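Presented below is the structure to which this report refers.
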Amino acid sequence: MTRSSTMRAAVVLAGLASAATPALAKDIQLGAILPLTGPGAVVGTQEERGIQFATDQINAKGGIDGHKIVVQFEDNQAKPDQAVLSFNKLVDLQGVPAIFTGYSGPTLAIAPLATRKKVLLINAGAQSDKLATASPYLVNTLPTTQDEVAIMSKYLIAHGKKKAAVLYENDAAGIGGRDDFVRLFKKDGGTILAQEPAQFGQTDYRPALLKLSAAKPDVLFVVITAGMVPLADQLAQMKVPYLVAGTSFMADPAAIADPNSTGLIHTQVHIDAPADLASAFHAKFNADMDFFARQYYNAAQITFTVIKKVLDEKKPVTGSNLRTALFQIRHFQGLIPMDFATNTAVVPVDINRMEHGKDVTISANGK
Amino acid sequence: MDFLLSYLVLAEIYVLLGLSTNLLVGIVGIFSVSQAAVFGVGAYIVAFFLMNTSVSFLPALAVAAICCVVLNIVVTLPSLRVSGDYFVVTSFGIQLLATAVFTNWTGGTGGANGLPGIPPPDVFGIQLASNAQLALLTSIMAGLGCIAFWLLMRAPFGRLLRAIREDELAVAAAGKNVLRAKVSAAALAGAFAGVSGGLYATFLSFIDPSSFDLDASILLLTMVVVGGARTLAGSILGPFVLLALPQLLSLVEIPTTIAAAARQLVYGLLLIVFMLFRPQGLLGEKL
Amino acid sequence: MSAPYLHVSGINKRFGGLQALNDCSFTIREGAITCLVGPNGAGKTTIFNAITGFLRPDSGQVEFRGRRISGLSPQTIVAAGIARSFQNLRLFAEISALDNVLVGMRGQFGEEPLSALFRPLKTAHAQAARRITGREILDQVGLLAQADTLVRNLSYGEQKLLTIARLLATKADLLLLDEPASGLSAGALAALMALLRRLQSAGKTLLVVEHNTRVVQQIADDVLFLHQGHLMAQGTPEAIMADPALAEIYFGGALQDHGP
């Protein structure tokens with residue numbers, strides 16, 4: 001035997017050995033590209049904690065079939081170009097098969113890359129309508145704004161509220177929601193009487209409300225992501241005669257706690273954390289487990305379930321195998337039931353009414 | 001490999017944009033905080049042509065460059081009447097206006113949700129889909145940009161612009177047409193910004209207003225200042241450093257509980273320390 | 001009779017409540033060194049600004065070699081052959097002495113971007129020639145050794161000489177100098193006066209704002225006495241200095257600031 005063939009044999013043997021013992025503590029690397037600095041960082045950090053919490057839990061139990069899960073967090077600064085860099089870094093250097101993403105712009109920017117590289121993207125925070133069809137490899141664990149608005153629009157028409165005015169925030173989320181509402185409400189047979197913009201973080205809505213009230217609508221549809229408490233106070237002060245409706249954006253806990261918000265209705269993606277989970281989370285991070293933390297915790301658990309299926313089938317953990325397994329499982333029961341008929345999960349969406357400091361479900365799952 | 005190539009492509013796009021900013025802010029002293037808006041217009045124009053017409057990439061890029069030349073002259077014109085701090089306020093307004101248009105003109109820009117699905121650039125009938133091909137394209141473009149900047153700066157034109165920054169009145173007293181020189185500089189800066197915008201749109205395949213807002217303009221100024229104002233080397237180095245910074249910071253192990261605050265802090269501190277101890281930037285002159 | 005070399009007639013300029021120039025009229029002769037004197041606030045710099053196009057007079061006009069130049073832009077007036085310096089120098093501090101001179105040269109190839117970009121070799125050749133001329137000009141004012149020094153590293157006296165070099169670069173025939181001698185040491189002053197004489201013999205006409213009566217006596221062919229924006233008197237230095245009424249106005253108002 002020549003020296004080079006000896007070496008070749010050794011390499012082959014080593015390869016066989018490693019292939020034969022897959023359970024031998026080979027970590028599974030996942031990625032997460034979230035806004036960790038900049039204006040999106042408050043949300044991004046909660047998302048990071050949700051994922052981290054789920055990961056720590058599963059690793060404490062010995063990982064998935066002996067594989068420890070390692071999540072590499074990347075900062076996209078809520079910018080598409082940084083997201084592309086982070087994506088290429090994770091896929092190129094770490095070879096991750098799946099990446100958690102947040103924020104619409106960055107997710108849309110990496111979606112075509114995910115298609116090309118066959119990497120599964122799991123979005124549990126962004127709601128831009130375009131995410132629904134951005135890539136076969138992008139799955140959304142929460143409905144798009146459009147889906148929520150559709151539910152509210154049908155509810156309003158069914159309850160005889162056919163003339164609407166719109167108050168929207170003059171930014172991505174607000175304008176997207178406004179456009180969806182105007183389109184769907186008209187399609188359902190409603191009329192839009194007036195629209196007024198508000199700035200992010202605005203605190204005085206009275207001039208806008210006066211103009212909108214002058215149009216005499218049956219319902220005021222509100223799409224703002226901040227400043228709900230002053231809005232509720234001013235609406236109560238003005239004793240507006242019409243119904244006020246919105247999406248999950250409205251469900252600011254401070255606004256719900258405010259008695260002045262009584263009567264406001266909104267769609268709500270239903271996701272609760274059991275008390276023991278919430279308190280464990282609080283103990284670890286010294287922060288409440290908010291909507292986004294719950295969403296990403298839930299998304300991480302779904303991903304682990306999918307990884308387990310791929311491992312159980314003795315297949316390599318690749319993006320394409322993960323995607324196939326996810327649609328094969330299709331129904332997930334994490335914090336909430338979830339059905340992946342398409343890339344965007346169907347999840348329970350309730351219509352809630354704020355009543356004296358409480359948020360009461362008046363129409364479960366849009367029925 | 002893709003990571004390094006995509007880093008190279010983005011950095012080179014920002015080099016072109018940095019040259020534009022350096023020309024205006026560093027060399028002529030027109031303190032514009034609206035260069036990202038011009039960059040955005042270039043990006044949206046190229047995206048429009050590639051998505052809605054059969055016009056190919058290079059002609060689309062030329063149209064974008066010409067539009068940005070005109071636009072940049074228009075947005076720089078106030079600097080001929082108001083100077084210094086006053087122009088910053090004007091320029092700030094222009095940037096906010098542009099962001100409002102990008103965000104609200106849903107039909108043209110896709111609005112706040114952005115424009116996904118911009119096709120990759122094609123050059124002489126070849127689709128440049130791989131990162132290596134794109135890197136070649138942006139390297140050629142950035143290379144041409146650097147050569148142009150170098151030629152301009154060593155010519156009497158460059159000297160005239162530097163003199164205008166120091167004392168406009170004295171330049172007029174020397175018999176020079178200050179207006180024409182400033183308009184020329186604005187036109188060149190516009191062309192650079194337009195071309196880089198077109199490259200950016202086709203490389204990312206997705207654009208939204210967040211890449212062209214006030215933050216982006218400020219990041220651009222930071223790139224120029226950190227790299228080194230007024231020099232070619234500074235305009236090249238700045239984008240490479242600033243683009244790598246968030247990527248490097250994510251390698252630092254920070255406990256999740258304080259991560260966001262800590263990263264933000266490190267980012268800010270780095271800039272402050274840098275400005276205190278090296279105000280002229282890595283390879284530049286003091287601004 | 002041929003037209004006067006520079007003819008200023010009936011210039012008025014009001015800034016708010018201040019009549020800075022009040023029916024100001026005078027002529028200056030070609031080839032002469034004319035000194036413009038008068039107490040502070042007499043309107044000396046204002047008349048400079050009016051002649052060189054930096055200020056639009058309310059009324060009146062300026063003619064240069066028989067051509068009306070009032071209302072033209074500064075750069076057209078420089079092209080017509082009049083260049084001015086500033087009391088506070090206004091040099092470009094962050095570039096070299098030679099570059100300051102080069103900025104002053106007119107009609108350079110490569111001074112607009114297209115020729116700089118697309119004819120780089122011609123630009124470089126033209127530059128090389130210009131640099132030689134620039135050095136010659138620096139040599140004329142005695143600054144050749146400092147050609148490559150940044151202006152902020154030059155002494156005050158050197159900077160004053162450089163402002164004159166920058167004027168020479170424009171090839172203007174009529175040079176308007178705003179207090180070229182102020183703040184100079186005795187040695188520098190002598191060098192400056194010698195330079196002004198050399199420029200005169202080289203065919204330049206000079207209009208000089210000057211406070212120092214000794215300097216005026218030594219270099220002036222003519223003296224213009226300005227007071228409250230109006231020409232009070234014109235004559236030889238001796239005649240003006242001998243007039244007790246003018247001395248009273250001059251020293252009465254300006255003695256504290258400008259002793260002999």
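Quick caveat, the model's predicted, so the values are computed rather than measured. So you know, we letter chains A, B, ... as the sequences are listed, proteins then strands, and number each from 1.
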Is Thr123(C) close to Pro156(B) at the side-chain level, that is, under 4.5 Å between some pair of heavy atoms? yes
Over 12 non-hydrogen atoms of neighbours within 6.0 angstrom of NZ in Lys171(C): no
Test salt bridge (Lys or Arg N to Asp or Glu O under 4.0 Å) on Glu94(C) and Arg165(B) and set out the steps. CA-CA 10 Å; Glu94(C) 301 296 322; Arg165(B) 182 190 68 232; over 6 Å; no
Ordered numerically, the heavy-atom neighbours of chain B under 4.5 Å found in residues 69-82 of chain C are Pro74(C), Gln75(C), Val78(C)
Rounded to the nearest 0.5 Å, what separates atom CZ in Arg162(B) from atom CG in Asp99(C)? 9.0 Å
Quick check for you: among Leu160(B), Ile147(B), Asn177(B), which has the greatest number of heavy-atom pairs under 4.5 Å with chain C? Asn177(B)
Could you report the tightest heavy-atom contact between Ala170(B) and Arg90(C), atom names first, then the distance? CB-O, 3.2 Å
Examine whether an atom of Leu169(B) lies under 4.5 Å from a heavy atom of chain C, and if so say whether it belongs to the side chain, the backbone or both; otherwise answer neither. both
Within a strict 4.5 Å, meaning less than it, do heavy atoms of the Glu111(C) and Lys176(B) side chains meet? yes
Chain B heavy atoms under 4.5 Å from Thr170(C): which part of the residue, side chain, backbone, both or neither? side chain
Minimum side-chain heavy-atom gap Leu117(C)-Phe157(B) below 4.5 Å: no
How long is the gap from CG on Leu91(C) to CG on Asp167(B), to the nearest 0.5 Å? 9.0 Å
Does Arg180(B), at its CZ atom, have more than 12 non-hydrogen atoms belonging to other residues, nucleotides or ligands within less than 6.0 Å? no
Gap between atom CG of Leu102(C) and atom CZ of Arg159(B) - 0.5 Å precision: 4.0 Å
Side chain, backbone, both or neither: which part of Phe109(C) has an atom under 4.5 Å from a heavy atom of chain B? backbone
Pick whichever of Gly110(C), Gly104(C), Ala116(C) has the most heavy-atom pairs under 4.5 Å with chain B. Gly110(C)
Might you point out which heavy atoms bring Pro120(C) and Arg154(B) nearest each other, and give the distance in Å? O-NH1, 4.5 Å
Of Ala155(B), Ala187(B), Ala163(B), the largest count of non-hydrogen pairs under 4.5 angstrom with chain C goes to Ala163(B)
Should we say atom CZ of Phe15(C) is surrounded by more than 12 heavy atoms from elsewhere, each under 6.0 Å from it? yes
Would you compute the distance between atom CG of Leu121(C) and atom CG of Leu151(B) and round it to the nearest 0.5 angstrom? 9.5 Å
Answer with side chain, backbone, both or neither: which region of Ala148(B) has an atom nearer than 4.5 Å to a non-hydrogen atom of chain C? both
If we define contacts as heavy-atom pairs under 4.5 Å, which of Pro113(C), Ala83(C), Ser115(C), Ser85(C) has the most with chain B? Pro113(C)
